[in-house]
Amino acid sequence: MADVPDPLADFVVAEIRRARGAAGMTQETFGRGAGFSASHVSAVEGGTRALTIDFIKGADRALSTGGLFERLVSKLGTPSWFLPWLDAERNATQLRYFEPNLIPGLLQTEAYARAVLRLDPRLADSEVDRRVAGRIERQDVLDRDDPPQLVAVIDMSAVHRAGEGFEKLMAQQLNHLVACAERPNISIHVVPAESGLYAGLSGPLSLAHLGDGSWIGHLESQLGGDVVSQPADLATLFERWESIRNEALPRRQSLDLIMGVAGQWT
């Protein structure tokens, strides 16, 4: 249940199942209220299908909880604003990421992810551990039998950003990037410093192409994130993406650059 990290997913599913039973609902009755088939409900409750934000919202509707389960997930685990993007990420056939400052989450090593998350002084060690586990679990999408095509564009500053005491960690991260780019479905490109000012400096963006042919976007900020689904907004993101992609080096040159920087720190 990668959309909501374990063990939180197991706990929430068990609570939904318990509430369904207490309400005297069969899986079929519950499914009609939630907007899912009885077989879908059975698969989620049996742990063979991912727990998604749509299912959680459906459970709240069917059981008239007033949004209890969605608030529960937000309070105990993955923020509710991020769940729709997790759904899109897991079901995507194509993914596009641009990051001006950091390595994209799906391509991070555990050590790099931990270092990034520790930048928030409010997080206890246990919370950092939980978030690292969730971030690494998200990467399972790249190991499935039909992984999405992933194109990542990274600003040169993200490749060079290490700092004293982090050189070895960053070298490992960059070598991991190169290893990821050896997969036929992953392409990594770097925007060189010579590009100067360009559209990507406004912030990161993500795009996912879903199996039904639709696209969904995601934008993160200091306070959270926003899912983008309106056609006009998506058109703007695609324009930004194309502008950014045109500034990036070709794949081979990008990997040579990454390996060169990694070699300076090993």
Could you give the side-chain donor-acceptor pairs of residues 191-199 under 3.5 Å, partners two or more places apart or in another chain?
from: Ser195; atom 1: OG; to: Pro192; atom 2: O; distance (Å): 3.4
from: Ser195; atom 1: OG; to: Glu247; atom 2: OE1; distance (Å): 3.2
from: Tyr198; atom 1: OH; to: Asp155; atom 2: OD1; distance (Å): 2.5

Could you tell me the separation between the [atom1] atom of [X] and the [atom2] atom of [Y], rounded to the nearest 0.5 Å?
{"X": "Arg114", "Y": "Leu117", "atom1": "CZ", "atom2": "CG", "result": "8.5 Å"}
{"X": "His218", "Y": "Leu95", "atom1": "NE2", "atom2": "CG", "result": "12.5 Å"}
{"X": "Asp233", "Y": "Leu219", "atom1": "CG", "atom2": "CG", "result": "9.0 Å"}
{"X": "Phe36", "Y": "Phe55", "atom1": "CZ", "atom2": "CZ", "result": "6.5 Å"}
{"X": "Tyr97", "Y": "Leu150", "atom1": "OH", "atom2": "CG", "result": "6.0 Å"}

Can you check whether [Y]'s main-chain N or O pairs, donor with acceptor, with [X]'s side chain at less than 3.5 Å?
{"X": "Gln94", "Y": "Leu210", "value": "no"}
{"X": "Arg251", "Y": "Ala181", "value": "yes"}
{"X": "Ser254", "Y": "Val190", "value": "yes"}
{"X": "Thr48", "Y": "Val44", "value": "no"}
{"X": "Asn101", "Y": "Ala158", "value": "no"}
{"X": "His189", "Y": "Leu249", "value": "yes"}
{"X": "Thr109", "Y": "His176", "value": "no"}
{"X": "Gln173", "Y": "Lys168", "value": "no"}
{"X": "Asp60", "Y": "Thr65", "value": "no"}
{"X": "Arg135", "Y": "Ala113", "value": "no"}

Within the 3.5 Å criterion, strictly below it, is a donor on [X] or [Y] matched to an acceptor on the partner's side chain?
{"X": "Thr52", "Y": "Asp54", "answer": "no"}
{"X": "Arg96", "Y": "Gln149", "answer": "yes"}
{"X": "Ser39", "Y": "Ser42", "answer": "no"}

Tell me whether [X] is salt-bridged to [Y], with the criterion being a basic N under 4.0 Å from an acidic carboxylate O.
{"X": "Asp146", "Y": "Arg144", "result": "yes"}
{"X": "Asp143", "Y": "Arg183", "result": "yes"}
{"X": "Arg20", "Y": "Glu45", "result": "yes"}
{"X": "Arg18", "Y": "Glu15", "result": "yes"}

Item to check | Test ring pair (Phe, Tyr, Trp, His ring centres under 6.0 Å) applied to Trp265 and Phe166, step by step | outcome: CA-CA 9 Å; Trp265 292 329; Phe166 290 93; over 10 Å; no
Item to check | CD (Glu167) with more than 12 external heavy atoms under 6.0 Å | outcome: yes
Which pair of heavy atoms, one from [X] and one from [Y], lies closest together, and at what distance?
{"X": "Ser229", "Y": "Leu234", "answer": "O-CD1, 3.6 Å"}
{"X": "Ile154", "Y": "Leu102", "answer": "CG2-O, 4.3 Å"}
{"X": "Ala208", "Y": "Ala92", "answer": "CB-CB, 4.0 Å"}

Next on the checklist: If you define the side chain from C-beta out and look only at heavy atoms, does anything of Leu207 sit under 4.5 Å from Leu205?
Outcome noted: yes
Item to check | From CA spacing to verdict: side-chain hydrogen bond (donor to acceptor under 3.5 Å, both in side chains), His209, Thr93 | outcome: CA-CA 6 Å; His209 186 245; Thr93 59; 3.1 Å; yes
